Amino acid sequence: MSATVSFEVTSPLGPQPVTLSYARVGRGEPLLLLHGIGHHRQAWDPVVDILATEREVIAVGLPGFGASPALPCGLAHDLPTMSAALRALCEELELGRPHVAGNSLGGLLALELGRDRLVRSVTALSPAGFWTQGERRYAFAVLTGMRRIAERMPLPLVQRLARSAAGRAVLTSTIYARPGRRSAEAVVAETLALAGATGFTETLRAGATVRFTDDVPGIPVTVAWGAKDRLLVPRQGVRAKQIIPRARLVRLPGCGHVPMNDDPALVARVILDGSGLRRDRARAR
């Protein structure tokens with residue numbers, strides 16, 4: 001069920017109101033889902049129903065993305081502020097210490113929450129922050145280009161392209177290895193979400209100096225990487241394993257940067273494995 005929640009986050013100008021959109025479904029231990037930059041919480045739709053059979057799933061729209069408004073004046077779209085907002089969200093929704101799974105920017109945020117011991121487990125799918133400077137510049141250039149195209153493309157053209165598998169590949173092959181599997185409606189919606197993401201520019205700017213360099217001790221951590229990730233290349237997963245040596249590193253065959261749509265069953269299994277439900281462990285690489 002889709003809803004919004006409002007709460008206050010501390011800033012240099014005093015407490016500031018923050019509103020986030022979210023969808024909550026299922027029963028069991030809570031599992032927080034965090035999407036990537038320029039996307040929206042619906043990126044998780046392909047796996048939500050599978051996860052909801054064994055978890056209470058809370059898919060969140062990050063500040064300035066999807067239906068969540070940008071942060072107010074006085075709050076930066078940086079990692080500390082977003083982490084504080086997610087902490088306040090968990091308190092407001094009475095989630096306690098949830099499990100968390102995140103993709104790209106969401107994966108980096110999930111690891112930040114894990115490092116601060118605010119969650120029970122972390123599953124990070126192609127998380128940001130394990131890049132070299134050259135890899136970061138490449139990823140940011142690609143994201144900026146995608147954003148400009150989405151902003152300038154007329155809606156009728158987006159709708160026409162989304163009707164065919166070839167057109168969906170034109171619009172989304174940077175993030176999906178199997179773009180033809182994405183529905184036309186979903187492709188149109190996420191193109192509009194990218195074009196209208198009020199937090200995109202500030203969030204991308206805040207990430208220019210970000211690297212994740214800390215271990216995440218004391219909780220289960222899974223880092224999973226799409227074998228066909230064209231945005232954050234798979235060798236970054238090896239760096240993540242070096243930095244978080246007790247993490248389980250999982251290869252996602254046939255998956256791109258946003259793997260939830262490329263192979264929903266595999267991604268759901270990896271997330272449930274990582275949060276300790278299943279015994280049939282995905283193959284670590």
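Computed over heavy atoms, backbone and side chain alike; hydrogens, waters and symmetry mates excluded. Fair warning: this is a prediction, and the values are worked out from it, not measured in the lab.
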Salt bridge check, Arg147 against Glu151: does any charged N sit closer than 4.0 Å to a carboxylate O?
yes
Quick one: pull up CE in Met153 and CG in Leu194 and give me the separation to the nearest 0.5 Å.
10.5 Å
Hey, are Arg182 and Thr172 close enough side-chain-wise for a donor-acceptor pair under 3.5 Å?
no
Tell me yes or no: between the side chains of Gln236 and Arg239, is some donor less than 3.5 Å from an acceptor?
no
List the steps, then state whether side chain to side chain contact (heavy atoms under 4.5 Å, CB included) holds for Val122 with Leu113.
CA-CA 8 Å; Val122 171; Leu113 294 173; 5.9 Å; no
Can you check side chain to side chain contact (heavy atoms under 4.5 Å, CB included) on Leu155 and Thr191, steps first, answer last?
CA-CA 9 Å; Leu155 177 58; Thr191 302; over 6 Å; no
Using side-chain hydrogen bond (donor to acceptor under 3.5 Å, both in side chains), reason through Thr19 and Ser6 one step at a time and then give a plain yes or no.
CA-CA 4 Å; Thr19 298; Ser6 298; 2.7 Å; yes
What's the verdict on side chain to side chain contact (heavy atoms under 4.5 Å, CB included) for Leu71 and Gln16, showing C-alpha distance, side-chain angles and the deciding distance?
CA-CA 9 Å; Leu71 295 170; Gln16 298 291 319; over 6 Å; no
Let me see the working for Ile271 and Arg55 under side chain to side chain contact (heavy atoms under 4.5 Å, CB included), right down to the final yes or no.
CA-CA 10 Å; Ile271 293 172; Arg55 285 283 187 246; over 6 Å; no
Using a 4.5 Å cut-off on heavy atoms from C-beta on, say whether the side chain of Val187 contacts that of Tyr176.
no
Take atom CG of Asp214 as the centre, draw a 6.0 Å sphere, and report whether it contains more than 12 heavy atoms from other residues, nucleotides or ligands.
yes
Does Arg115 pair with Glu112 as a salt bridge, N-O distance under 4.0 Å?
yes
With a 3.5 Å cut-off and sequence neighbours excluded, list the donor-acceptor pairs that the side chains of residues 57-70 form with protein atoms.
from: Ser68; atom 1: OG; to: Ser21; atom 2: N; distance (Å): 2.8
from: Ser68; atom 1: OG; to: Ser21; atom 2: OG; distance (Å): 3.2
from: Ser68; atom 1: OG; to: Gly61; atom 2: O; distance (Å): 2.7

For residues Gly256 and Asp262, report the shortest heavy-atom separation together with the two atoms involved.
N-OD2, 2.8 Å
side-chain hydrogen bond (donor to acceptor under 3.5 Å, both in side chains) for Arg230 and Thr174? Distances and angles first, verdict last.
CA-CA 6 Å; Arg230 297 180 179 179; Thr174 303; over 6 Å; no
